[in-house]
Amino acid sequence: MNSEKLAAFRKRVLEQGKLLYRDLPWRNTRDPYAIWISEVMLQQTQVSRVDGRWQHWMQRFPNVPTLAAADSADVLDEWQGLGYNRRALSLHRAAQQLMDRAHSDSERSVEHAFESAEFLDSHFPREIADLVSLPGIGAATAAGIRAFAFNLPSIYVETNVRTVFLHEFFPEQHKVSDAQLIALVEKTCPADASNPADDPRSWYYALLDYGAYLKKTLPNPSRRSATHAKQSQFEGSHRQKRAALVRILLQVRRDKQALDELSLALLLNEHEHKAGRPDVEKGEFSQILSELQKEGFCHKTAAGWQA
DNA sequence: TGTCCACGTCT
DNA sequence: AAGACGTGGAC
C-alpha cells in the first residue's frame with residue numbers, strides 16, 4: 001500500500017465524514033464517564049435505540065460515584081430494553097473499581113476529595129491496559145474512549161470501521177481477517193492532534209459515519225469480515241428464559257416493592273456470574289418462577305410467565 | 001406470524 | 001476458540 005493511495009483514502013474519508021456527520025448527543029461532551037457509558041450502550045446496539053436511553057441514564061447516574069453507589073437492581077432497571085444485561089452489571093462493577101482506585105490515589109494526594117466527580121474524571125484511565133482491565137471494556141471500547149474523550153490515537157476496530165476498510169481495500173473479498181484490517185487502521189489513524197481538523201477524534205467520527213452510511217446503502221460489507229458470525233437461536237434458549245426472569249423480578253420489585261434489595265442483588269449477581277456459559281442448571285428458571293408464583297408475584301399464561 | 005439480523009466481550 | 005448473551009426492527 002503506497003502512501004499516495006493512503007493519503008487519497010484519508011482525504012476521501014474525511015470528506016465523507018464532513019458530509020455525513022451525525023451530531024449525536026454523546027459527541028457534545030468530553031466527559032470520559034459519559035462517553036464510556038455511550039460506548040458500552042452502543043456495543044451491539046443501533047444508534048437509534050441508544051438515543052434517549054443515554055440521556056436518561058445520565059440523569060439518573062450522572063457520574064462514577066453515583067453509579068458506584070447505586071443498587072445493582074436499579075442499574076438493571078435503568079438498563080431494561082437495551083439488551084445484554086451483563087453490560088449494565090459490568091458498568092456497575094467497573095464504577096466501583098474506579099472508586100477503589102480513586103480512593104487509593106487520594107491517600108497520596110489528600111488535597112483532592114476522592115468523592116468529587118472532577119477528581120475522578122481527571123483520574124479516569126486513558127491507557128489501553130488500564131481501560132481493558134475494567135469489566136465490560138475490551139479493545140474496541142478502550143480505543144473508542146481514548147479517541148472520543150481524550151483525542152488519543154488507538155486502533156479502533158468495530159463494525160463501522162470494518163465496513164469502511166472492507167469496502168475501500170477489500171472489495172469482493174470474503175473472510176478478511178482482523179489482522180489485515182488492523183494493519184491498515186494503524187497506518188491511517190492520525191498520531192498527533194496538531195492539525196485540529198485531522199485528529200483521532202475527528203478521524204474516527206468520520207470513519208463511523210461513513211461506515212454507517214455504507215451499511216445503509218450496500219449489502220453490509222462487514223459480513224465479509226472473518227469475525228462475522230451467525231448468531232445462535234434465541235427462541236427457546238437459556239438467554240430468553242433468563243431475560244424473562246430478570247424482567248419479571250424487576251417488575252415485581254417496581255410494582256409491589258416486594259423482594260428485598262439484597263436477595264434480588266444476590267440473584268442478579270448469580271445471573272451475571274453464569275452469563276456466557278452454557279451450563280446453567282436445568283430447571284433453575286422454572287424453579288425460581290414457581291417459587292415466585294407461590295408467593296403470588298407472577299403467574300403462567302399462554303404467552304409465558306408474567307409479573 | 002415467525003425468522004433473520006445488528007456484534008463486542010467474556011469464558 | 002467457539003459459542004453465549006437481549007432486544008426490537010426489518011422483511
Side-chain angles (χ1 to χ4, degrees), chain A residues 36-54 75-94 128-129 131-147 154-163 166 175-179 181-182 185 204 208 211-251 268-281 284-285 302-305:
Chain A
W36 168 41
I37 300 300
S38 76
E39 284 296 309
V40 172
M41 283 188 176
L42 288 160
Q43 290 169 4
Q44 306 111 2
T45 311
Q46 279 135 342
V47 165
S48 60
R49 291 178 50 201
V50 171
D51 198 358
R53 299 302 303 269
W54 176 81
V75 175
L76 249 334
D77 208 10
E78 182 63 32
W79 193 265
Q80 283 306 287
L82 285 169
Y84 292 123
N85 292 323
R86 96 196 319 278
R87 291 183 292 160
L89 296 172
S90 296
L91 240 18
H92 188 220
R93 276 198 296 134
I128 297 280
L131 287 163
V132 164
S133 73
L134 293 166
I137 300 185
T141 302
I145 292 170
R146 275 170 62 83
S154 328
I155 301 174
Y156 185 33
V157 179
E158 54 74 77
T159 183
N160 295 298
V161 176
R162 282 196 189 92
T163 296
L166 254 2
K175 294 272 164 203
V176 180
S177 73
D178 266 3
L181 298 174
I182 285 168
V185 173
Y204 282 118
L208 259 31
Y213 164 78
L214 290 173
K215 278 164 171 291
K216 261 194 317 209
T217 52
L218 299 169
N220 190 353
S222 82
R223 272 182 230 168
R224 295 188 283 103
S225 158
T227 67
H228 187 83
K230 200 177 156 197
Q231 84 174 33
S232 57
Q233 185 163 58
F234 182 63
E235 197 55 37
S237 68
H238 284 302
R239 74 188 199 274
Q240 182 188 43
K241 296 192 180 87
R242 189 161 22 233
L245 177 56
V246 171
R247 254 200 316 278
I248 287 169
L249 288 173
L250 291 172
Q251 183 79 48
L268 295 170
N269 282 341
E270 184 78 354
H271 151 82
E272 152 72 358
H273 190 64
K274 287 180 177 170
R277 291 195 222 160
D279 61 354
V280 177
E281 282 175 35
E284 186 186 3
F285 301 112
W305 287 92

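FYI, side chains are in, hydrogens and waters are out, and symmetry mates aren't considered; it's all heavy atoms of this structure. Naming convention: chains lettered A, B, ... in sequence-line order (proteins, then strands); numbering from 1 in each chain.
Straight-line distance from the CG atom of A/L208 to the C1' atom of B/dA6: 15 Å, rounded to whole Å. Between A/M41 atom CE and B/dC7 atom P there is a gap of 19 Å when expressed in whole angstrom units. Distance, A/R87 CZ to B/dA6 P: 16 Å, rounded to whole Å. Taking atom CD of residue A/E39 and atom C1' of nucleotide B/dC7, one finds them 14 Å apart after rounding to whole Å. Counting to the nearest Å, the P atom of B/dG8 and the CD1 atom of A/I145 are 15 Å from each other. Put simply, CZ on A/R53 is 15 Å from P on C/dG6, counting in whole angstrom units. As rounded to whole Å, 12 Å separates atom C1' of C/dG6 from atom CG of A/L76. Look at CG on A/L134: it is 16 Å from C1' on B/dG8, rounded to the nearest Å.
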Any protein N or O atoms within reach of nucleotides 7-11 of chain C? Criterion: under 3.5 Å, listing atom names and distances.
from: C/dT7; atom 1: OP1; to: A/Q80; atom 2: OE1; distance (Å): 3.4
from: C/dT7; atom 1: OP2; to: A/R247; atom 2: NH1; distance (Å): 2.7
from: C/dT7; atom 1: O3'; to: A/G81; atom 2: O; distance (Å): 3.4
from: C/dT7; atom 1: O2; to: A/R49; atom 2: NH1; distance (Å): 3.2

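Contact detail for A/R224 and A/L166: the closest heavy-atom pair is NH2-O, 3.6 Å. Across all non-hydrogen atoms, the minimal contact from A/Q80 to A/N85 is NE2-OD1, 3.2 Å. Residues A/L76 and A/A88 approach most closely at CD1-CB, 4.5 Å, considering heavy atoms.
Judged by closest nucleotide on DNA chain B, A/T45 is the one of A/I137 and A/T45 placed further toward the 5' end.
In terms of the side chain to side chain contact (heavy atoms under 4.5 Å, CB included) criterion, residue partners of A/R49 (sequence neighbours excluded) are, by chain and number, A/T45, A/Q46. The side chain to side chain donor-acceptor pair (under 3.5 Å) search around A/Y204 returns none, not counting sequence neighbours. For A/D178, the salt bridge (charged side-chain N to carboxylate O under 4.0 Å, His left out) test picks out A/R162, with sequence neighbours left out. For the side chain to side chain donor-acceptor pair (under 3.5 Å) test, residues two or more places apart in sequence or in another chain that qualify with A/Q43 are A/T141. Listed by chain and number, the residues in a side chain to side chain contact (heavy atoms under 4.5 Å, CB included) with A/T163 are A/T159, A/L214, A/K215, A/N220, A/P221, A/S222 (sequence neighbours excluded). With sequence neighbours left out, A/S133 forms a side chain to side chain contact (heavy atoms under 4.5 Å, CB included) with A/R101. Residues meeting the side chain to side chain contact (heavy atoms under 4.5 Å, CB included) test with A/V132, sequence neighbours left out: A/I128, A/A142.
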- Task: Give the dot-bracket string for DNA chain C, reading 5' to 3', where a pair is Watson-Crick or G-U wobble with both distances under 3.5 Å, ( ) marks pairs inside the strand, [ ] marks pairs crossing earlier ones, | marks a partner on another strand, and . marks unpaired.
- Result: .||||.|||||
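With A/S154 contributing its side chain and A/Y156 its backbone, the two residues share no donor-acceptor pair below 3.5 Å. Looking only at distances, a side-chain donor or acceptor of A/E158 sits under 3.5 Å from a matching main-chain atom of A/V161.
Atom P of B/dC4 sits at a distance of 16 Å from the matching atom of C/dA4, rounded to the whole Å. When the P atom is used for both B/dT9 and C/dG8, the distance is 22 Å, rounded to whole Å.
Listed pair A/T141 / B/dT9 meets the phosphate criterion, a side-chain N or O lying under 4.0 Å from OP1 or OP2. Look at A/N220 and you'll find a side-chain N or O under 4.0 angstrom from OP1 or OP2 of B/dA6.
A heavy atom lying under 4.0 Å from DNA chain B marks the following residues of residues 154-161 of chain A, by number: A/E158, A/T159.
Residue A/R162 places its side chain closer to B/dG8 than to any other of B/dG8, B/dC7, B/dC10.
Among the heavy atoms of the strands lying under 4.0 Å from A/S222 are primed sugar atoms or P, OP1, OP2 only; no base atom is included.
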